[in-house]
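In what follows, residues are counted from 1 in the order of the sequence shown. The model shown is predicted, which means the values in this text are computed figures rather than measured ones.
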Amino acid sequence: MYLASWYKNYKNKWWALPLVLPSLLLPIAYWCNASTVMDGGRVFLVYMPLGLMTAFMLIFGGAALPGIILALLIRYIPIKGEATALLAVVHFIVPIMISWGGYHIFVPRRGSVMFGAIKLTAQRMLWLVLVNAVIFLVIYQIGIFFGWYKDVDNASMESPIHARTLINFQAVLIGCLTGMPFFYTVIRMVRNPNFIFAFWSRMKKQMQSGVSKSEIALWAVIVAVLVSLLLVPINDSSTIFTTDYTLTLILPLMLWGAMRFGFLFITTAWTLILTILCSGFQNYLPPYMGFQLHLAIASSCYAVFSITIYLMAVVTTRQRLLHNKARRVAFIDPIVQMPNLRALNRDLSSAPCSALAFLRVPELELLGRNYGVQLRIQYKQQLNAFLQPILSTGEQVYNLSGHELAVRLNYDSYHERIEALDHRVKQFRFMWDGMSMQPQVGISYCYIRQPVTHIYFLLGELSTMADLSLSTSMPESLQQHESNHVQNAVRNKVAMMNRLQVAIDSGNFVLMAQRIEGIRGDSYYEILLRMKGDNEGDNLFLPDDFLPVAHEFGLSSKIDKWVLEATLKFMDKHRDQLPGSRFSINFTPASVGRFQFAGEVRNLLKHYRIEPWQLIFEVTESNSLTNIEQANATLTALQNMGCRIAIDDFGTGYASYARLKDINADILKIDGSFIRNILTSSLDYQIVESICQLARMKKMQLVAEYVENDAVKAAVQSLGIDYIQGYLIGRPLLLEKLLVHRSNET
């Protein structure tokens with residue numbers, strides 16, 4: 001254990017692996033060389049030692065220099081003596097230091113990563129291959145010129161552009177281009193045996209999707225056949241396929257491998273194939289006329305093939321990785337970093353049967369408005385992490401829009417899995433800024449079989465069932481609650497939304513007016529909204545039918561604006577027939593909570609030349625009126641303008657005494673449910689009386705709704721209520737008929 005720890009800490013020191021490995025691997029690099037004699041001098045078809053030394057510098061940096069020098073001295077001193085050994089050290093160290101130094105100037109960070117990174121390819125090919133090989137050859141040519149190399153025929157190398165010089169340069173170039181990544185991999189594997197598994201995993205990852213073992217085997221067989229043909233010695237019975245013609249057929253095979261199998265696979269395979277081909281070159285190059293030319297052409301083919309295969313492998317592998325990355329990103333939400341709806345659709349389609357759970361957290365919307373979108377993001381991330389321990393292989397949590405999540409479960413025993421999911425969700429506590437929160441979560445579920453073609457409509461149905469789960473506090477099954485009923489509810493809601501949008505765009509609404517009579521003789525009219533049916537003669541839709549849908553889909557503000565403008569246009573058009581008339585208009589909390597609302601009202605009043613005192617704005621205080629500060633600011637601005645404010649349906653729901661303290665108004669409308677039974681229920685009478693006392697304390701006028709007979713009218717008048725509304729006073733009538741009604745009164 002101690003030795004393993006010591007080795008791990010000190011293996012990269014100059015006196016450890018960097019000192020030992022070069023001496024062990026240099027003989028292998030020389031064994032991979034391929035050379036011959038041409039015109040009385042030795043030429044190389046591939047020269048690997050320089051690529052090996054450069055790979056050591058790339059991995060160990062300056063710590064590799066002592067080991068490189070030692071390996072060269074061990075190699076050359078026994079064979080050629082001390083002087084030649086020192087010359088060999090200079091010959092190798094100078095180009096390696098210059099090329100490695102230039103490379104690290106232009107690639108200062110992460111310059112030693114595995115080969116195949118397209119951002120580093122150009123710098124590596126320039127400095128570690130081209131510059132390295134050029135300097136190495138220039139030093140060699142200088143040594144020949146000055147006679148440093150005693151075993152080289154000086155006369156045969158008078159011209160630096162001799163064919164042998166070109167072939168040797170190409171050999172060094174090929175050795176750096178192919179040998180450097182090959183020996184880089186070998187050194188990394190010796191340095192850390194676990195790199196073998198990383199190399200194998202990355203090589204498989206680089207392969208194109210759809211590559212099978214059969215395809216790789218076919219490719220290997222064809223390559224083996226061509227290489228075998230090239231290694232058959234030329235004789236009188238040889239065909240064109242046992243000559244260097246077959247060498248050209250290797251290139252398309254290598255390009256096939258580069259495009260399909262990835263950079264690591266093809267560069268490793270090409271290095272081995274190239275070493276074999278160069279070692280057996282005499283078998284396929286014609287020994288008769290033109291041997292020198294054939295040798296130069298074959299050497300050029302090795303170089304061009306190596307560069308082409310290298311670049312093609314880098315580009316195609318990089319393109320494939322980018323494509324796979326883009327594909328993965330397409331299935332991951334970039335903000336929440338969780339699988340998205342597209343991933344859910346893919347996973348449901350890949351499994352024969354699945355169970356789908358839908359999680360709805362409506363309180364996230366309110367919390368998000370107060371604490372920002374980051375709260376919603378962290379809630380989903382924390383809940384996802386909290387659910388992971390109970391999920392089996394293949395099960396995931398998916399992010400949906402807004403405050404919703406989905407969980408795909410395996411079909412086996414999914415009822416028990418749903419119960420476990422519900423139990424786990426109820427245990428979850430969300431931590432935010434040191435606070436522990438537990439928003440209520442509605443859960444609905446269903447089972448799904450392939451093919452999945454209706455995921456979006458299905459999620460709508462599950463959302464409806466999740467709303468029911470919020471009230472029952474237990475998971476609700478879509479199948480057990482008759483999906484047809486849910487589908488019809490969702491379908492009707494969507495149809496109503498479309499009908500509303502058409503009505504807003506085309507003005508397909510109807511305005512009605514109901515008289516509100518004051519005990520002092522004055523009166524005004526409340527504007528009531530109805531929506532036309534789809535066909536002529538259909539019954540009108542009441543507000544209770546379409547306003548909840550309008551609020552859910554964010555259309556209520558548009559409807560309020562249409563009603564206001566239509567009312568003001570009517571008042572402007574008939575100001576002579578209705579002089580000094582006053583109208584009360586209902587507005588939803590969504591409009592009152594808008595910062596721009598008061599300014600829009602001011603502009604419309606100015607445009608239609610209507611006095612502010614002619615308008616009364618009725619606001620129903622509800623749970624959707626969450627921004628009390630903005631609502632107060634809007635109502636105050638309207639009051640300062642000269643308009644009056646009325647609180648509608650007071651005494652029910654959220655329109656309570658406590659909330660009334662926070663809202664300033666001029667008129668209080670008592671809900672008709674109390675007025676209707678004021679003569680028969682002492683409790684309702686006491687409630688109405690207490691409301692009257694509260695209104696007097698706040699100096700507010702009172703309106704009694706649902707006054708339908710004289711006895712009720714007398715009772716509310718005895719309580720000091722200022723205005724009366726109901727069928728006894730007048731039924732709602734079309735706004736245009738108000739002109740006829742007023743003319744009859746006069």
query = So do Asn399 and Leu341 actually touch side chain to side chain, heavy atoms under 4.5 Å?
reply = no
key: Gap separating the CD1 atom of Ile519 from the NZ atom of Lys713, nearest 0.5 angstrom   = 10.5 Å
note = Closest non-hydrogen contact found for Ile616 with Ala646 is CG2-CB, 4.0 Å
message = Please tell me whether Arg644 and Gln701 have a donor and an acceptor in their side chains that are separated by less than 3.5 angstrom.
response = yes
ask   = Heavy-atom distance under 4.5 Å between the side chains of Gln337 and Lys380, does that happen here?
value = no
message = Between Asn340 and Asp333, do the side chains contain a donor N or O and an acceptor N or O under 3.5 Å apart?
response = no
request  = Would you please say whether a donor-acceptor pair under 3.5 Å links the side chains of Asp433 and Tyr371?
outcome  = no
Lys669-Gln725 side chain donor-acceptor pair, cut-off 3.5 Å = yes
query = If we ignore angles and hydrogens, is there a donor and acceptor under 3.5 Å between the side chains of Glu476 and Ser444?
reply = no
ask   = With no hydrogens and no angle check, is any side-chain donor or acceptor of Ser469 less than 3.5 Å from a backbone partner on Ile443?
value = yes
query = Side chain of Lys569, backbone of Leu564: donor and acceptor closer than 3.5 Å?
reply = no
request  = Measure the spacing between CD of Glu736 and NE2 of His574 and express it to the nearest 0.5 Å.
outcome  = 7.0 Å
query = Hey, mind stepping through Thr634 and Arg594 against side-chain hydrogen bond (donor to acceptor under 3.5 Å, both in side chains) and telling me if it holds?
reply = CA-CA 8 Å; Thr634 300; Arg594 289 173 53 236; over 6 Å; no
query = Sub-3.5 Å donor-acceptor pair from the side chain of Ser681 to the main-chain atoms of Ile678, do we have one?
reply = no
query = Short question: side chain of Asp505, backbone of Val502 - any donor-acceptor pair under 3.5 Å?
reply = no
query = What distance separates Gln378 CD from Leu383 CG, expressed to the nearest 0.5 Å?
reply = 13.5 Å
ask   = Please walk me through it: do Asp722 and Arg520 pass salt bridge (charged side-chain N to carboxylate O under 4.0 Å, His left out)?
value = CA-CA 8 Å; Asp722 303 281; Arg520 300 174 184 83; 3.2 Å; yes
ask   = Looking at Tyr414, does the NZ or CZ of Arg417 lie under 6.0 angstrom from its six-membered ring centre and within 45 degrees of the ring axis?
value = no
key: Flag for Ser506-Asn508: side-chain donor and acceptor within less than 3.5 Å   = no
task = Ignoring hydrogens and angles, tell me if any N or O in the side chain of Gln514 forms a donor-acceptor pair with the backbone of Ile527 under 3.5 Å.
result = no
inquiry  = Could you tell me if the side chain of Ile516 sits less than 4.5 Å from the side chain of Ile729, heavy atoms only?
reply    = no
key: Geometric class of the Phe587/Phe617 ring pair [parallel <30°, tilted 30-60°, perpendicular >60°]   = tilted
ask   = Could you give the distance from OG1 (Thr588) to NE2 (His551), rounded to the nearest 0.5 Å?
value = 8.0 Å
Gln388 versus Asn384, side-chain donor and acceptor atoms under 3.5 Å = yes
ask   = Would Tyr398 and Asp347 count as having a side-chain donor-acceptor pair, cut-off 3.5 Å?
value = yes
query = Step by step, would you call Arg676 with Glu705 a salt bridge (charged side-chain N to carboxylate O under 4.0 Å, His left out)?
reply = CA-CA 8 Å; Arg676 183 186 293 112; Glu705 299 177 325; over 6 Å; no
query = Is there a donor in the side chain of Gln686 and an acceptor in the side chain of Ser682, or the other way round, less than 3.5 Å apart?
reply = no
request  = Would you indicate whether Lys573, at its atom NZ, is surrounded by more than 12 heavy atoms from other residues, nucleotides or ligands within a distance under 6.0 Å?
outcome  = no
inquiry  = Is it true that Ser354 and Arg408 share a donor-acceptor pair across their side chains at a distance under 3.5 Å?
reply    = yes
Any donor-acceptor N or O pair under 3.5 Å, side chains Glu565, Tyr608 = yes
ask   = So, does Asp422 use its side chain to make a donor-acceptor pair with the main chain of Ile418 at under 3.5 Å?
value = no
query = More than 12 non-hydrogen atoms from neighbouring residues, nucleotides or ligands closer than 6.0 Å to CE on Met697, yes or no?
reply = no
task = Would you mind reporting whether Phe583 and Gln614 have side-chain heavy atoms less than 4.5 Å apart?
result = no
key: CZ (Phe428) with more than 12 external heavy atoms under 6.0 Å   = yes
Residues His423 and Glu419: side-chain donor-acceptor under 3.5 angstrom = no
inquiry  = Check for me whether Arg424 meets the cation-pi criterion with Phe386, that is, NZ or CZ under 6.0 Å from the six-membered ring centre and within 45 degrees of the ring axis.
reply    = yes
request  = State, to 0.1 Å, how close Arg429 and Ser436 come at their nearest heavy-atom pair, and which atoms those are.
outcome  = CB-OG, 3.6 Å
inquiry  = Check whether Lys426 reaches the backbone of Ser473 with its side chain - one donor and one acceptor, N or O, closer than 3.5 Å.
reply    = yes
query = Asn677 side chain to Thr680 main-chain N or O, any donor-acceptor pair under 3.5 Å?
reply = no
note = CG of Leu459 to CG of Leu344, rounded to nearest 0.5 Å, is 6.5 Å
inquiry  = Quick one, Tyr706 with Phe674, criterion ring-ring contact (aromatic ring centres under 6.0 Å, His included). Give me CA distance, side-chain angles, the key distance, then yes/no.
reply    = CA-CA 9 Å; Tyr706 285 79; Phe674 300 111; over 10 Å; no
